[in-house]
Engineer: 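Quick one: the structure is below, questions incoming.
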Amino acid sequence: MFRKILNSLPFGKKKNGDFDEDMADDMADDLDDGMNDAMSDADNAASDGVDEDDLLFSELPIEVQVKKMPKRPKSRRSWLSKLLIITLFIFPFGATAVAMIPVLDPETGWRLFHLGGPKATVAVPGSERELQEEISRGVQDVQDRDRAAQDASAPDGTPENGQTSDDIANQLEGVSDLIGAPNQDGTAGDSTQPTPEELAALIAEEGAIDDPIEPDPLRPAPVPGLDEEGSFGRIPRIGDDGTTPFDAYKRPFETVENQPYVAIILTGVGLNTARTEAAINDLPLNISLGISPYARDIAKVAMDARAMGHEVFLQVPMEPNDFPLSDPGPRALLTSLSEGENLVRLEWLLARFPGYAGLVSHQGSKFGSMDSAIRPVLEIITRSGLMYVEGSNSGIASYGAQLAANASSPNAVGNIVIDDVPSRREIDARLNELVELAKRNGAAIGFAQSYPVTIQRLKNWAFRLRRQGVVLAPVSALANRQVTAQSADEAEAARRQAEQLENEAAAAQENGDGSAEPTNTIEN
């Protein structure tokens, strides 16, 4: 029957009017197969008692739907959709990998994200870039001065090269700091300026600035009998014979009456390995080092510093006025904590390493001014035989330093921070202020941080300091020279005044007039 139907179809005929029997046979075979499948499906449906023709397409079995679906080749849109799905899946991983480049390799990351950007960048204060810019500006200044000197001296019959002995002296490294700036007429401001020959003799006598510093080791620490077991390790104490850790661990130094002295304490030592090594090995031995309690391998840092000849102090983080905007660090002493918790934190700090001559407050502008907060701490410091150095950078005697002086405990106050702006010009200006202050008051103490530019300028400054009539001394040598002890009545009046100020501040906070400090602490 199918063959008759196919033979009657138009596409089964040839051009001459005859049927194509081969094509008709193939089509008949295909239709037979299809009818057999349909009959089997019909038999299945009949066996289930359901007629497929009465069902919707969506209700048919999935096998039947697949067979009835028209077969179409995959279009370009299908491939594009698959590509889009793969791209969206891979994109987050690629973006994360690119974002991690600056973390894994900062230099490559900087070049990648600044590719095609402006070539000029802002110099970071105290960085190697700024030093290079300073050197290039200095070279340009020397060239301009030489050219101006040649133009000015040519008509007056000066030597052919246009340089006088003063011009040659001005080109020597550091000579402007030795003889002063020239006046309007080109002569030096000081009539007692040294000649180039005298400068050469001074350098031959004192050595060059780049000569290595010879070690002068201090006694090994801890000294037997000057420590005891605490909750977190060994902590300092006064020996049975009355020897204090301050006397045992300070750097020996003889002072002379009417001689002005200046001292420098470099803080933040131990936080960076390269800077720590530079501070220990390149700075004069009379510069004291304040070691951070958060330093890595802190005991070795202290041992290396003392083996070189530096006396060391332990930094004690305390609460500043702008806390928590300025965070002194974990386990810092805070006014919001109880006296017992602050003393526990102090004991943890005291057990960090042996061999320090005293404690230097880090920040602490608020904590050191409150009687209820600082007094228990000073009592522990006094009983331990340590020196207290006020590092709140106020330049005046704080309440804590006054309490230490009243208790006859060694004390000192930092007068000037020399690298608030860590650039060469600012550091040199602050050092000159420190020298002038020492000449007026007889003693002055400067605070500095362990920046590379600070270490370099301190080394240069200390090399020619004695020629200015001032001597560099350790901080311990200037103990008890800045704060005068009060009488019993004055001390009691000061205590009552401090207590009254505390009560007023607490009342203001309770009334909402002040900003209350958070009671929780920031810990690692």
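All values below come from the heavy atoms of this structure, side chains included, with hydrogens, waters and symmetry mates left out.
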Engineer: Just how far is it from atom CG of Leu343 to atom OG of Ser231, taken to the nearest 0.5 Å?
Structural biologist: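 Between Leu343 CG and Ser231 OG, I get 11.0 Å after rounding to 0.5 Å.
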Engineer: Is there a donor-acceptor pair under 3.5 Å between the side chain of Glu426 and the backbone N or O of Ile418?
Structural biologist: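 No.
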Engineer: Check whether Arg345 reaches the backbone of Ala332 with its side chain - one donor and one acceptor, N or O, closer than 3.5 Å.
Structural biologist: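 Yes: the side chain of Arg345 pairs with the backbone of Ala332.
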Engineer: Starting at CG of Leu346, measure out to CG of Leu359 and round the result to the nearest 0.5 Å.
Structural biologist: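 CG of Leu359 is found 7.0 Å from CG of Leu346.
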Engineer: Is the number of heavy atoms from other residues, nucleotides or ligands within 6.0 Å of CD (Glu214) greater than 12?
Structural biologist: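 Not buried by this count: 12 neighbours or fewer within 6.0 Å.
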Engineer: Which heavy-atom pair separates Thr382 from Ser409 by the least distance, and what is that distance?
Structural biologist: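 Closest pair (atom of Thr382, atom of Ser409, distance): OG1-CB, 3.7 Å.
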Engineer: Could you give the distance from CZ (Arg296) to OG1 (Thr273), rounded to the nearest 0.5 Å?
Structural biologist: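 Atom-to-atom, Arg296:CZ and Thr273:OG1 are 7.0 Å apart.
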Engineer: Kindly give the heavy-atom pair with the smallest separation between Asn480 and Pro410, and that separation in Å.
Structural biologist: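 Heavy atoms of Asn480 and Pro410 come nearest at OD1-CA, 3.4 Å.
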Engineer: What's the spacing between Asn281 CG and Asp304 CG if we round to 0.5 Å?
Structural biologist: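 If we round to the nearest 0.5 Å, Asn281:CG and Asp304:CG are 8.5 Å apart.
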Engineer: Any donor-acceptor pair under 3.5 Å linking the side chain of Glu311 with the backbone of Ser476?
Structural biologist: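 Looks like yes, one N/O pair under 3.5 Å.
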Engineer: Which pairs, with at least one residue in residues 370-379 and sequence neighbours excluded, count as a salt bridge (charged side-chain N to carboxylate O under 4.0 Å, His left out)?
Structural biologist: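 Of all non-adjacent pairs touching residues 370-379, those that pass salt bridge (charged side-chain N to carboxylate O under 4.0 Å, His left out) are Asp371-Arg375.
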Engineer: Has Thr244 got a side-chain atom pairing as donor or acceptor with Ile238's backbone, closer than 3.5 angstrom?
Structural biologist: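 Not confirmed, Thr244 side chain does not pair with Ile238 backbone.
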Engineer: Kindly compute the distance separating CD1 (Ile427) from CZ (Arg457), expressed to the nearest 0.5 Å.
Structural biologist: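 Ile427 atom CD1 to Arg457 atom CZ measures 8.0 Å (nearest 0.5 Å).
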Engineer: Under the rule for side-chain hydrogen bond (donor to acceptor under 3.5 Å, both in side chains), what residues qualify as partners of Asp419, not counting sequence neighbours?
Structural biologist: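 Listed in chain order: Thr454.
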Engineer: Of all heavy-atom pairs between Pro328 and Tyr294, which one has the smallest distance, and what is that distance?
Structural biologist: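 That closest heavy-atom pairing would be O-OH, 3.7 Å.
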Engineer: Is Tyr261 close to Asn286 at the side-chain level, that is, under 4.5 Å between some pair of heavy atoms?
Structural biologist: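 Of all side-chain heavy-atom pairs linking Tyr261 with Asn286, none is under 4.5 Å.
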Engineer: List in chain and number order the residues that pass side-chain hydrogen bond (donor to acceptor under 3.5 Å, both in side chains) with Glu436, two or more places apart in sequence or in another chain; answer none if no residue qualifies.
Structural biologist: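 Glu436 satisfies side-chain hydrogen bond (donor to acceptor under 3.5 Å, both in side chains) with no other residue.
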Engineer: So Thr335 and Phe323, side-chain contact (heavy atoms from CB on, under 4.5 Å) or not? Walk me through it.
Structural biologist: CA-CA 10 Å; Thr335 59; Phe323 180 82; over 6 Å; no
Engineer: Report yes if some heavy atom in the side chain of Asn342 is under 4.5 Å from a heavy atom in the side chain of Pro376; otherwise report no.
Structural biologist: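 They are not in side-chain contact.
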Engineer: Applying salt bridge (charged side-chain N to carboxylate O under 4.0 Å, His left out) to Arg234 and Glu229, what does each step give before you reach the verdict?
Structural biologist: CA-CA 5 Å; Arg234 308 291 294 183; Glu229 191 65 33; 3.2 Å; yes
Engineer: Does Gln259 have more than 12 heavy atoms from other residues, nucleotides or ligands lying within 6.0 Å of its CD?
Structural biologist: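 Check passes, neighbour count above 12.
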Engineer: With no hydrogens and no angle check, is any side-chain donor or acceptor of Arg306 less than 3.5 Å from a backbone partner on Gly355?
Structural biologist: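 A pair under 3.5 Å: yes.
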Engineer: May I ask you to check whether Asn406 and Gln402 show a side-chain donor-acceptor distance below 3.5 Å?
Structural biologist: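 Looking only at side-chain atoms, Gln402 and Asn406 do form a donor-acceptor pair, the distance falling under 3.5 Å.
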Engineer: Do Leu350 and Ile380 have side chains that get closer than 4.5 Å, going by heavy atoms?
Structural biologist: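 Result yes, sub-4.5 Å side-chain heavy-atom pair found.
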Engineer: Can you sort out the partners of Asp297 under side-chain hydrogen bond (donor to acceptor under 3.5 Å, both in side chains), two or more places apart, ordered by chain and number?
Structural biologist: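 Per chain and number, Asp297 pairs via side-chain hydrogen bond (donor to acceptor under 3.5 Å, both in side chains) with no residue.
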Engineer: Are the side chains of Phe313 and Thr267 in touch, meaning some heavy atoms are under 4.5 Å apart?
Structural biologist: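 Contact flag for Phe313/Thr267 side chains = no.
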Engineer: Does Tyr249 use its side chain to pair, donor to acceptor, with the backbone of Val223 at less than 3.5 Å?
Structural biologist: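 Such a contact is found between Tyr249 side chain and Val223 backbone.
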Engineer: Pair Tyr451, Arg275 - check side-chain contact (heavy atoms from CB on, under 4.5 Å), show working.
Structural biologist: CA-CA 7 Å; Tyr451 298 135; Arg275 297 179 185 181; 4.0 Å; yes
Engineer: I need the single residue from Asn415, Asn441, Asn411 that forms a side-chain hydrogen bond (donor to acceptor under 3.5 Å, both in side chains) with Gln482. Which is it?
Structural biologist: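 Result: among Asn415, Asn441, Asn411, Asn415 is the only option passing the side-chain hydrogen bond (donor to acceptor under 3.5 Å, both in side chains) with Gln482.
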Engineer: side-chain contact (heavy atoms from CB on, under 4.5 Å) between Leu403 and Tyr388: does it pass, once the steps are laid out?
Structural biologist: CA-CA 10 Å; Leu403 288 178; Tyr388 176 74; over 6 Å; no
Engineer: When rounded to the nearest 0.5 angstrom, what is the spacing between CE in Met308 and CG in Leu218?
Structural biologist: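 Result: 11.0 Å between the selected atoms.
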Engineer: Mind checking whether Pro293 and Leu314 have side chains closer than 4.5 Å, heavy atoms only?
Structural biologist: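 Yes, close enough: below the 4.5 Å cut-off.
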Engineer: Test Asp428 against Arg424 for salt bridge (charged side-chain N to carboxylate O under 4.0 Å, His left out), laying out the working first.
Structural biologist: CA-CA 6 Å; Asp428 291 345; Arg424 298 179 65 188; 5.6 Å; no
Engineer: Can any side-chain N or O of Lys439 pair as donor or acceptor with the backbone N or O of Gln468 at less than 3.5 Å?
Structural biologist: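 Pair found, side chain donor or acceptor close to backbone of Gln468.
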Engineer: If you measure only the distance, is there a donor-acceptor pair under 3.5 Å linking the side chains of Ser292 and Gln315?
Structural biologist: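 Looking only at side-chain atoms, Gln315 and Ser292 do not form any donor-acceptor pair under 3.5 Å.
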Engineer: If you look at every heavy atom in Ala305 and Val312, which pair is closest and at what distance?
Structural biologist: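 Taking every non-hydrogen atom into account, CB-CG1, 3.7 Å.
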Engineer: Show the nearest heavy-atom pair for residues Met387 and Ala412, with the distance to one decimal.
Structural biologist: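 What the structure gives for the nearest pair is CE-CB, 3.5 Å.
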Engineer: Could you work out, with ring pair (Phe, Tyr, Trp, His ring centres under 6.0 Å) as the rule, every residue matching Phe353, not counting sequence neighbours?
Structural biologist: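 Listed in chain order: Tyr356.
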Engineer: I want to check something: taking the side chain as every heavy atom from C-beta on, are Ile291 and Thr276 in contact at a cut-off of under 4.5 Å?
Structural biologist: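 Contact flag for Ile291/Thr276 side chains = no.
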Engineer: If the test is side chain to side chain contact (heavy atoms under 4.5 Å, CB included), which one of Pro222, Pro354, Ser384 qualifies with Asp227?
Structural biologist: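 Only one of Pro222, Pro354, Ser384 forms a side chain to side chain contact (heavy atoms under 4.5 Å, CB included) with Asp227, namely Pro222.
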Engineer: Ignoring hydrogens, what is the shortest heavy-atom contact between Leu386 and Pro236? Give both atom names and the distance.
Structural biologist: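 Nearest pair, atom of Leu386 first, then Pro236: CD1-CG, 3.9 Å.
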Engineer: Taking only residues two or more places apart in sequence, or in another chain, which ones meet Pro284 in a side-chain contact (heavy atoms from CB on, under 4.5 Å)?
Structural biologist: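 Counting only residues at least two positions away or on another chain, Pro284 forms a side-chain contact (heavy atoms from CB on, under 4.5 Å) with Ile287, Ala462, Leu472.
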Engineer: So Glu319 and Leu333, do their side chains get closer than 4.5 Å, heavy atoms only?
Structural biologist: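 No, side chains not in contact.
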Engineer: Please confirm whether the backbone N or O of Ile455 pairs with a side-chain atom of Ser450, one donor and one acceptor, at under 3.5 Å?
Structural biologist: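 No.
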Engineer: Between Asp420 and Arg430, is a side-chain contact (heavy atoms from CB on, under 4.5 Å) present by the stated rule, with each step listed?
Structural biologist: CA-CA 9 Å; Asp420 260 346; Arg430 300 292 84 74; over 6 Å; no
Engineer: Do Phe367 and Leu337 touch side chain to side chain, with heavy atoms closer than 4.5 Å?
Structural biologist: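 Heavy-atom side-chain distance check fails, nothing below 4.5 Å.
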Engineer: Ignoring hydrogens and geometry, is there a side-chain-to-backbone donor-acceptor pair from Asp247 to Thr243 under 3.5 Å?
Structural biologist: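 Flag not set: sc Asp247 to bb Thr243 has no pair under 3.5 Å.
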